[in-house]
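Below is one structure, written out as structure tokens; the observations come after it.
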Protein chains: 2
Amino acid sequence: MEPAPEIERLLRAADLRVTRQRVAVLAAVRTLPHADTDTLLRAVRAEVDGVSHQAVYDSLHTLTAAGLLRRIQPAGSVVRYETRTDDNHHHVVCRSCGSVADVDCAVGPAPCLTASDTHGFVVDEAEVIFWGTCPACSTADTTTREVAP
Amino acid sequence: MEPAPEIERLLRAADLRVTRQRVAVLAAVRTLPHADTDTLLRAVRAEVDGVSHQAVYDSLHTLTAAGLLRRIQPAGSVVRYETRTDDNHHHVVCRSCGSVADVDCAVGPAPCLTASDTHGFVVDEAEVIFWGTCPACSTADTTTREVAP
DNA sequence: CCCTAGTCTTGACTAGTTCAAGAAAGCAGG
DNA sequence: CCTGCTTTCTTGAACTAGTCAAGACTAGGG
């Protein structure tokens, strides 16, 4: 389903052992960007039978530490992962269904990274999360009101 | 310790019943901005004996819904609360110790609220979190290296 | 003062994640 | 190709933060 050799190359480049579990995890995050751990676990098990949940947690942590994955966690959401790690892009999150989409930086390469007074903190990253309503939910809201409790 | 009448007034203005628990919760968040629920629970119990954790959770939810509190949750952190709700300010979070400080908007009243392409999402808020190292941790890091594992 | 809706207490329960010990597997060197 | 060391995976228990639900209590309008 996924080009395994390419993924294998990525793992070796990051000095990580190539295991079926890791390959499957990385492939899963590629095909399911912004998915949560449980969804990824299912996807991985569809590829490699009998993978333990701990292996998936471990792989996700390792791959994140190696810079192959990026971990995102909007308030009130479980942890989600994506493979776009190089660019400092941001996210829009739907308040209603929790879906996430990528948003490129609006103002140049690293906007908003100029806080007025950071109280002596040494800032290395500015994370921006846009909150709103996704197309599907805003349509559902206006057309079929009173459906949700 | 806190001006209870003032807090009472705030509660009534928000059409909420005035209970000892709520007053204590609101006072606790005032004196301990950015505190997590557990810290607040302890603070509340110091004022009013035997308060249940559920009452604190309920109060925090109710007060947040009424706009008297703002709930923040940086990735990897538990939920925290603060009383500054009117202005759209942001936060700096220490990667090392997790401490949080307020940061006022850098560019005008609502910066960064102009995402380039929001994929059809209707955006109503832009949340900015600055990640870095707090003064205490950066000092500890440079002077007493090798202390932490 | 009484009534009722809203709030609090008590205690069980859940989801998501981490911890720990031993078995299995990757891969460098011979 | 085989060996052995080290990392990774499996298994299964444990933990934390938070939620659910039933009944007792109480704020505040009448």
Side-chain angles (χ1 to χ4, degrees), chain A residues 4-5 7-26 28 34-45 47-66 68-69 71-81 98 149, chain B residues 4-5 7-26 28 34-45 47-66 68-69 71-81 98 149:
Chain A
I7 288 176
E8 204 176 310
R9 200 181 51 70
L10 283 170
L11 288 171
R12 290 194 199 284
D15 254 314
L16 296 176
R17 286 195 183 172
V18 178
T19 67
R20 287 178 308 142
Q21 291 86 342
R22 279 182 186 165
V23 172
V25 167
L26 196 38
H34 309 133
D36 58 79
T37 311
D38 190 58
T39 305
L40 293 171
L41 176 56
R42 284 175 220 272
V44 167
R45 283 186 173 155
E47 287 294 305
V48 184
D49 200 54
V51 177
S52 68
H53 72 144
Q54 193 58 249
V56 172
Y57 276 102
D58 281 353
S59 298
L60 289 170
H61 287 168
T62 309
L63 294 171
T64 303
L68 295 178
L69 292 182
R71 181 186 171 115
I72 60 174
Q73 186 177 26
S77 163
V78 293
V79 175
R80 292 158 180 275
Y81 292 89
Chain B
I7 288 175
E8 204 175 311
R9 201 181 50 71
L10 282 170
L11 288 171
R12 290 195 199 284
D15 254 315
L16 296 176
R17 286 196 184 172
V18 178
T19 67
R20 286 177 310 140
Q21 292 86 342
R22 280 182 185 166
V23 172
V25 167
L26 196 38
H34 309 134
D36 58 79
T37 311
D38 190 59
T39 305
L40 293 171
L41 175 57
R42 285 174 219 271
V44 167
R45 283 186 173 154
E47 287 295 304
V48 184
D49 200 55
V51 177
S52 67
H53 72 147
Q54 193 58 248
V56 173
Y57 276 102
D58 281 353
S59 298
L60 289 170
H61 287 168
T62 309
L63 294 170
T64 303
L68 294 177
L69 292 182
R71 179 187 174 113
I72 59 174
Q73 186 177 26
S77 164
V78 293
V79 174
R80 292 157 179 278
Y81 292 89

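Letters A, B, ... are given to chains in the order of the sequence lines, protein chains preceding strands, and every chain is numbered from 1.
- Residue B/Arg20 is classed as having no contact, given no heavy-atom separation below 4.0 Å to the nucleic acid.
- Between B/Ala24 and B/Val48 the shortest heavy-atom distance is CB-CG2, 3.8 Å.
- Of the two residues contacting DNA chain D, namely B/Val78 and B/Arg17, the nearest-nucleotide position lying further toward the 5' end is that of B/Val78.
- Nearest approach of B/Pro74 to B/Arg80, heavy atoms of both residues: CD-CD, 4.5 Å.
- Here the shortest heavy-atom pairing between B/His34 and B/Ile72 reads CD2-CD1, 3.9 Å.
- Among pairs with a residue in residues 12-22 of chain B, those fulfilling side-chain hydrogen bond (donor to acceptor under 3.5 Å, both in side chains) read B/Glu8-B/Arg12, at least two apart in sequence or across chains.
- Residues B/Ser52 and B/Leu41 approach most closely at O-CD1, 4.2 Å, considering heavy atoms.
- Side-chain atoms of B/Tyr81 and B/Thr37, non-hydrogen and from C-beta on, do get closer than 4.5 Å to each other.
- Put simply, the side chain of B/His61 reaches to within 4.5 Å of the side chain of B/Arg71, judged on heavy atoms.
- Applying the side-chain contact (heavy atoms from CB on, under 4.5 Å) rule to A/Ala65 yields no partners; only residues at least two apart in sequence or on another chain are considered.
- The footprint of chain B on DNA chain D, defined by a heavy-atom cutoff below 4.0 Å, extends from D/dA17 to D/dG28.
- Contact annotation: the side chain of A/Leu63 approaches that of A/Leu11 to within less than 4.5 Å [non-hydrogen atoms, C-beta and beyond].
- Among the protein residues, B/Thr37 comes within range of the sugar-phosphate backbone only, with heavy atoms under 4.0 Å from sugar or phosphate atoms but none that close to a base.
- When every heavy atom of B/Leu10 is checked against every heavy atom of B/Leu68, the shortest pair comes out as O-CD1, 4.1 Å.
- Where the helix from C/dC1-D/dG30 to C/dG30-D/dC1 starts and where it ends, the local axes point in directions that differ by 30°; five pairs per end, rounded to 10°.
- Heavy-atom distances to DNA chain C give each of B/Gly50 and A/Thr19 a nearest nucleotide, and the one nearer the 5′ end belongs to B/Gly50.
- With a 4.5 Å cut-off on side-chain heavy atoms, A/Val56 and A/Val51 count as touching.
- The stretch residues 51-59 of chain A touches DNA chain C through A/His53, A/Gln54, A/Tyr57, each having a heavy atom within less than 4.0 Å of the strand.
- Looking only at side-chain heavy atoms (C-beta outward), B/Val25 and B/Leu40 stay at 4.5 Å or farther from each other.
- In this structure, A/Arg45 does not pair ionically with A/Asp49, as no charged nitrogen and carboxylate oxygen lie closer than 4.0 Å.
- Read 5' to 3', the first and last nucleotides of DNA chain C with an atom closer than 4.0 Å to a heavy atom of chain B are C/dA5 to C/dG11.
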